Protein chains: 2
Amino acid sequence: MPKRRKVGNLLALAVLSALVQRPMHPYEIATALRAWGKDQDMEFKWGSFYTVIGNLDKHHLIEAVENVREGRRPERTVYRITDAGRAELVDWARELVSTPMAEHPRFRAGLSVLAALHPDEATGLLRQRLDLLETAIRQDRETLDAHLREIPRLFLVESEYDLAIRDAEAAWLRALLAELTSGSYPGLDTWRAFHETGEMPAELTELAARGSTPNASSDTPTTDSPEAHPDSAERPDSFSRRADTTG
Amino acid sequence: MPKRRKVGNLLALAVLSALVQRPMHPYEIATALRAWGKDQDMEFKWGSFYTVIGNLDKHHLIEAVENVREGRRPERTVYRITDAGRAELVDWARELVSTPMAEHPRFRAGLSVLAALHPDEATGLLRQRLDLLETAIRQDRETLDAHLREIPRLFLVESEYDLAIRDAEAAWLRALLAELTSGSYPGLDTWRAFHETGEMPAELTELAARGSTPNASSDTPTTDSPEAHPDSAERPDSFSRRADTTG
DNA sequence: CAACGGTTACTCGTCGACGAATATACGCCG
DNA sequence: CGGCGTATATTCGTCGACGAGTAACCGTTG
């Protein structure tokens with residue numbers, strides 16, 4: 001259950017974690033986040049940043065301390081974290097760490113329409129991805145190793161995680177590419193024929209027609225049958241139109 | 001370069017891929033997507049769905065064919081994909097497949113504030129995550145294997161990818177937990193001391209003060225020094241305020 | 001057969017995301 | 001020392017995301 005956060009944007013998490021150290025004004029927060037690389041851990045957009053600061057203030061998770069004015073510049077408001085803010089930070093951290101949520105990487109969406117491309121082109125594009133990925137990984141590994149020499153590992157866990165995951169993606173890509181280039185990938189001929197002759201075997205046409213909920217995923221417990229299942233912990237939600245009033 | 005899409009929401013990709021098969025009305029599209037599991041490949045929200053349909057229409061990637069009216073129900077518009085729409089589908093697929101983009105999983109954000117929790121609690125929460133993850137993986141693997149018996153692998157690539165990635169996460173978690181529980185994780189004592197005595201070693205205070213761009217990531221080439229670097233391919237963007245007019 | 005609850009099928013209003021615009025300060029070159 | 005390019009620091013307006021609301025239809029129970 002991804003609790004309804006008063007400020008949902010993950011930027012807010014970063015802001016809170018920055019303000020735990022000491023009170024700062026917005027631009028200073030942003031600079032600090034960039035300085036210790038937090039901007040890689042979530043989407044950082046200047047437009048959203050100030051919105052988030054405003055919302056955190058509105059919900060009393062942070063509060064203005066003083067207004068500094070330098071020269072004729074617009075005055076900068078220094079914010080400090082409140083007790084509620086500290087509580088939110090910890091509670092949010094707990095949730096994010098303990099609860100696996102369905103993520104939706106863009107690559108997955110891309111793969112879901114892979115059949116729309118000619119198999120040879122698909123293979124080329126996947127190879128290109130692998131190349132780019134490997135280069136990026138090599139660079140980031142280097143950077144990480146360099147940082148590990150002066151910064152405790154605890155503050156770099158996310159980067160280690162990131163690299164592990166991308167290594168796995170690279171490995172998976174290599175395996176897939178091996179099958180595609182060797183021609184051992186099942187259905188490769190049909191796939192190619194479809195793109196070259198426009199011919200789709202009856203078997204596939206029929207497949208498209210009926211529904212069989214192919215994809216595996218945790219948050220759709222294959223409960224296709226409309227049984228009155230009593231009160232099982234969670235609702236699929238993806239396709240339910242209204243959250244129940246239990247909230 | 002993640003090309004500026006006229007309709008950026010990934011739901012649009014799914015809609016296009018559905019309409020490639022045959023013209024449909026919105027609800028029918030949604031049903032079809034759910035039927036063949038596409039709703040797991042991206043965020044599906046009913047609210048966004050109709051917005052996306054409207055935008056696709058507005059930008060002529062799909063177009064209305066006819067208006068069916070049954071009984072006194074609101075009439076349902078049947079849409080078909082246009083040539084522009086087909087082109088967009090293919091072009092988008094190419095981009096998604098070939099170009100690794102920085103993703104920002106929520107878990108990564110969580111890890112980035114892991115130090116905010118007591119190490120023992122963190123360990124417990126990570127263990128909980130691992131348990132949930134393993135259960136989910138086991139279920140999804142089963143479902144996938146079942147589907148593989150009747151659906152060509154090509155149409156299940158995204159699920160195979162997903163499982164591979166989550167397997168990797170589980171493995172990484174296991175390794176991390178081993179270090180945490182055995183006590184071999186470097187800095188564990190300092191971490192614990194900080195939470196139990198509130199004492200932060202001078203070494204860390206100093207670390208927080210200076211900026212050293214710790215995180216490894218491809219899209220921030222550690223260019224902290226304000227050198228006039230001539231025209232290197234890409235801009236970090238995360239922290240630049242204005243995209244250059246080259247567009 | 002009326003009343004009710006579930007399913008189908010959207011519409012609407014609000015809030016937040018974020019690109020673009022703004023404005024001052026600063027450094028440097030002639 | 002005045003003009004201009006760049007960095008600093010923020011505001012603003014628009015568009016899209018999406019939860020909540022609406023309404024017909026359908027089955028079913030008393």
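Below, all heavy atoms of this structure are taken into account, side chains as well, without hydrogens, waters or symmetry copies. Being a predicted model, the structure only gives us computed values, none of them experimental.
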When rounded to whole Å, the CD1 to C1' distance for the pair B/Ile29 and C/dC10 reads 13 Å
- prompt: Can you check whether A/Ser48 has a side-chain N or O nearer than 4.0 Å to OP1 or OP2 of C/dC18?
  reply: yes
Atom OH of A/Tyr50 and atom C1' of C/dA17 are separated, to the nearest Å, by 16 Å
message = Any side-chain N or O of B/Lys58 below 4.0 angstrom from OP1/OP2 of D/dG16?
response = yes
Against the side chain of A/Tyr27, the closest entry in D/dT8, C/dG16, D/dA17 is D/dT8
Sorted by position of nearest nucleotide on DNA chain C, 5' first, the leading residue of B/His25 and A/Asn9 is B/His25
A/Trp46 CH2 to D/dT8 P, in whole Å, measures 9 Å
From CE of A/Met42 across to C1' of C/dC18 the rounded distance in Å is 17 Å
Just checking A/Tyr161 against B/Trp172, ring centres under 6.0 Å apart? yes
Measuring only between side-chain heavy atoms, which start at C-beta, is A/Asp41 closer than 4.5 Å to A/Lys38?
yes
Rounded to whole Å, CD of A/Glu28 lies from P of D/dA9 at a distance of 9 Å
Ionic contact status for A/Glu88 with A/Arg86, cut-off 4.0 Å
no
Considering only heavy side-chain atoms of B/Pro26, the closest of C/dC10, C/dG19, D/dG16 is C/dC10
Residue pair B/Lys6/A/Arg4 against DNA chain D: nearer the 5' end by closest nucleotide is B/Lys6
ask   = Can A/Glu63 and A/Arg80 be counted as an ion pair, charged N to O under 4.0 angstrom?
value = yes
Worksheet item: Is A/Arg129 positioned over the aromatic face of A/Phe107, cation under 6.0 angstrom from the ring centre and no more than 45 degrees off axis?
Response: yes
In whole angstroms, the gap separating C1' of C/dA9 from CZ of B/Arg34 amounts to 12 Å
When rounded to whole Å, the CG to P distance for the pair B/Leu10 and D/dA17 reads 10 Å
Taken to the nearest whole Å, CZ/A/Phe44 to P/C/dG19 is 12 Å
